[in-house]
Amino acid sequence: WQIDDVEVVELFPNNLTMEDGYLTHTGTGEEYGRIPTAQLNPTMLVGGGITNSGSEEQTNVVINMSVTNSVGTEVFTAVKNIPSLASGAVDALEEFVTLPALANDLYTATFTVSADAPDDDITDNTFLRTFEVNDDFYTVDGIGNHPEGYQILSSIGTNSFTDAADGLAIMNYYEVIDPLTVYGIDFLTTTTTVTGGYVTVSLLDTADVFADVVTNPIVESDAYDITAEDVAAGRVRVLFPNAVTLDPNGYYAAVTLFSNQNAGQIRILDDATVPQPNAMTLIYIPGDQVYTNGNGMSIRLVLSLTSAVEETEVLTGVSLFPNPSNGLVNVRTEKDGVYNVE
């Protein structure tokens with residue numbers, strides 16, 4: 001190894017840095033990207049850390065957080081006033097905020113730091129974080145909703161670990177505070193996923209998972225073959241044989257991957273944008289044990305079946321209703337006959 005291009009620079013006199021920001025509706029560190037209305041606690045723990053990166057002491061330092069909806073209306077705030085902050089010192093805002101009624105929408109939290117002296121580098125005075133209130137999905141990940149320039153993605157799949165080509169289980173933790181009906185699980189896949197493999201999805205009790213038991217599901221799907229349509233969409237939905245209503249508690253939503261001995265690799269997107277508690281995402285390697293991951297896999301609880309079905313020219317002479325559907329679908333044809341419906 002070598003050290004190259006070492007440079008000594010003079011610090012700005014006045015330079016406060018907004019290092020990070022977080023919003024955890026559970027109050028215990030988990031940050032969910034999409035939260036059902038009924039799963040929101042009355043309060044949300046919000047916070048963010050700052051550093052005095054300049055050479056001078058700063059006075060009347062203010063850490064401010066403002067949450068706005070998609071049209072820019074402010075819905076709740078938090079603030080911390082710091083009389084003085086020495087060079088190199090750190091501090092943080094941390095506050096439980098009483099939530100107003102939040103409609104289904106995308107919310108952006110803007111964290112800012114300021115002081116008496118004008119900042120010499122304003123590019124690091126702000127940090128952004130988002131969350132969505134959404135009754136169709138409960139998700140750890142916020143993929144697609146993160147502010148521009150913030151999103152960091154990785155992936156885990158059947159070719160990630162030795163001896164894990166078939167039976168690798170990846171799971172996200174979900175906190176349920178009000179009874180929650182779940183129809184199945186969605187997950188996002190990388191462009192390197194191919195057909196030839198299959199998956200099962202399940203909901204697991206936390207006590208079983210922490211004991212390295214992943215074979216005692218609360219509910220489990222049938223085997224689902226990854227299709228060309230799934231690969232093209234980069235998204236897979238697998239439903240349970242019957243919807244299950246979860247009582248208030250903690251649960252793991254798991255996807256178990258089978259590549260058919262590496263014939264059909266499957267990789268699931270991992271949202272590394274938001275640091276999560278170690279047990280937020282867990283990985284079970286067959287014949288081994290459960291390991292922590294620390295990020296947020298794109299393994300999502302499906303809470304609604306109202307997504308519309310796209311009708312194509314193939315259905316000429318056939319009507320399908322209602323669309324969207326709550327699960328019951330009627331198919332009517334113009335001519336008598338025997339038909340296969342897929």
Side-chain angles (χ1 to χ4, degrees), residues 22-26 28-36 39-40 130-132 134 136-146 151-158 160-161 164 167-177 180-190 199-210 212-214 216-221 224 234-240 244 246 248-257 266-285 289-303:
Y22 58 86
L23 304 97
T24 166
H25 82 277
T26 62
T28 52
E30 300 89 356
E31 293 187 66
Y32 290 87
R34 296 168 181 84
I35 312 165
Q39 303 308 316
L40 282 167
T130 60
F131 70 93
E132 182 179 352
N134 183 325
D136 292 329
F137 298 97
Y138 196 2
T139 80
V140 172
D141 77 277
I143 295 173
N145 283 346
H146 293 300
Q151 183 164 281
I152 303 170
L153 300 182
S154 182
S155 65
I156 298 174
T158 50
S160 293
F161 308 100
L168 177 69
I170 307 171
M171 60 199 87
N172 274 350
Y173 175 77
Y174 285 96
E175 185 78 20
V176 175
I177 66 171
L180 182 69
T181 299
V182 181
Y183 291 91
I185 290 175
D186 265 11
F187 58 93
L188 305 182
T189 57
T190 68
V199 302
T200 60
V201 302
S202 59
L203 295 174
L204 305 172
D205 185 271
T206 53
D208 285 338
V209 172
F210 293 146
D212 295 328
V213 176
V214 297
N216 185 34
I218 298 167
V219 62
E220 186 175 34
S221 73
Y224 177 87
R235 178 176 176 175
V236 180
R237 172 176 290 190
V238 184
L239 301 181
F240 300 128
V244 60
L246 301 176
N249 210 329
Y251 302 89
Y252 278 98
V255 180
T256 305
L257 310 177
I266 307 167
R267 293 192 66 88
I268 300 180
L269 281 180
D270 184 8
D271 188 356
T273 311
V274 179
Q276 299 282 6
N278 282 342
M280 195 67 157
T281 292
L282 298 179
I283 302 163
Y284 173 75
I285 296 177
Q289 66 178 54
V290 171
Y291 293 90
T292 61
N293 179 50
N295 293 335
M297 300 298 297
S298 60
I299 296 172
R300 305 167 169 184
L301 299 184
V302 177
L303 311 180

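- In this structure, Asn216 CG and Ser202 OG are separated by 10.5 Å, a value rounded to the nearest 0.5 Å.
- Side-chain contact check for Leu301 versus Leu180: some heavy-atom pair is nearer than 4.5 Å.
- Taking all atoms of both residues into account, the shortest heavy-atom contact from Thr130 to Asn145 is OG1-O, 3.1 Å.
- Between Tyr32 and Thr26, some side-chain heavy-atom pair lies under the 4.5 Å cut-off.
- For the pair Tyr174 and Val140, the minimum side-chain heavy-atom distance is below 4.5 Å.
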inquiry  = Under the criterion side chain to side chain contact (heavy atoms under 4.5 Å, CB included), I'd like the reasoning laid out for Arg34 against Asp136: C-alpha separation, chi angles, the key distance, then a yes or no.
reply    = CA-CA 9 Å; Arg34 296 168 181 84; Asp136 292 329; over 6 Å; no
inquiry  = Set out, in order, the CA-CA distance, both residues' side-chain angles and the distance that settles side chain to side chain contact (heavy atoms under 4.5 Å, CB included) for Ile170 and Phe187, then state yes or no.
reply    = CA-CA 11 Å; Ile170 307 171; Phe187 58 93; over 6 Å; no
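- The distance from the CZ atom of Phe131 to the CG atom of Leu23 is 6.0 Å, given to the nearest 0.5 Å.
- Listed for the Tyr138 side chain is a donor-acceptor partner under 3.5 Å among the backbone atoms of Glu175.
- Checking Leu257, Asn293, Ile268, Thr190 one by one against Ile156, the side chain to side chain contact (heavy atoms under 4.5 Å, CB included) holds for a single residue, Asn293.
- In this structure the side chain of Arg300 reaches within 4.5 angstrom of the side chain of Ile143, judged on heavy atoms.
- Using a 4.5 Å heavy-atom cutoff, the side chains of Asp186 and Arg235 are in contact.
- Between atom CE of residue Met280 and atom CE of residue Met297 there is a gap of 13.0 Å, rounded to the nearest 0.5 Å.
- Within the 3.5 Å criterion, the main-chain N or O of Asp141 finds no donor-acceptor partner in the side chain of Ser298.
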query = Would Ile285 and Leu168 satisfy side chain to side chain contact (heavy atoms under 4.5 Å, CB included), going step by step from the backbone distance to the final call?
reply = CA-CA 5 Å; Ile285 296 177; Leu168 177 69; 4.1 Å; yes
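- Checking Asn172, Asp270, Asp271 one by one against Asn295, the side chain to side chain donor-acceptor pair (under 3.5 Å) holds for a single residue, Asp270.
- For the pair Asp212/Val290, a side-chain contact is recorded, criterion being any heavy-atom separation below 4.5 Å from C-beta on.
- The shortest distance between side-chain heavy atoms of Arg267 and Ser160 falls below 4.5 Å.
- Across Thr256, Val201, Thr200, Leu204, a single residue satisfies side chain to side chain contact (heavy atoms under 4.5 Å, CB included) together with Glu220, and that is Thr200.
- Note: Phe210 and Tyr252 have perpendicular aromatic rings, judged against thresholds of 30 and 60 degrees for the angle between ring planes.
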key: Pair Thr189-Leu269, side chain to side chain contact (heavy atoms under 4.5 Å, CB included): steps then yes or no   = CA-CA 5 Å; Thr189 57; Leu269 281 180; over 6 Å; no
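- For the residue pair Thr28 and Glu30, a side-chain donor N or O sits within less than 3.5 Å of a side-chain acceptor on the partner.
- With contacts defined as side-chain heavy-atom distances shorter than 4.5 Å, the pair Phe240/Leu203 qualifies.
- Heavy atoms only, all atoms of each residue included: Tyr251 and Val176 are closest at CD1-CG2, 3.8 Å.
- Judged by distance alone, the side chain of His25 and the main-chain N or O of Gln39 form a donor-acceptor pair under 3.5 Å.
- At distances below 3.5 Å, at least one donor-acceptor pair connects side-chain atoms of Gln276 with backbone N or O atoms of Glu31.
- At distances below 3.5 Å, not a single donor-acceptor pair connects side-chain atoms of Gln151 with backbone N or O atoms of Thr273.
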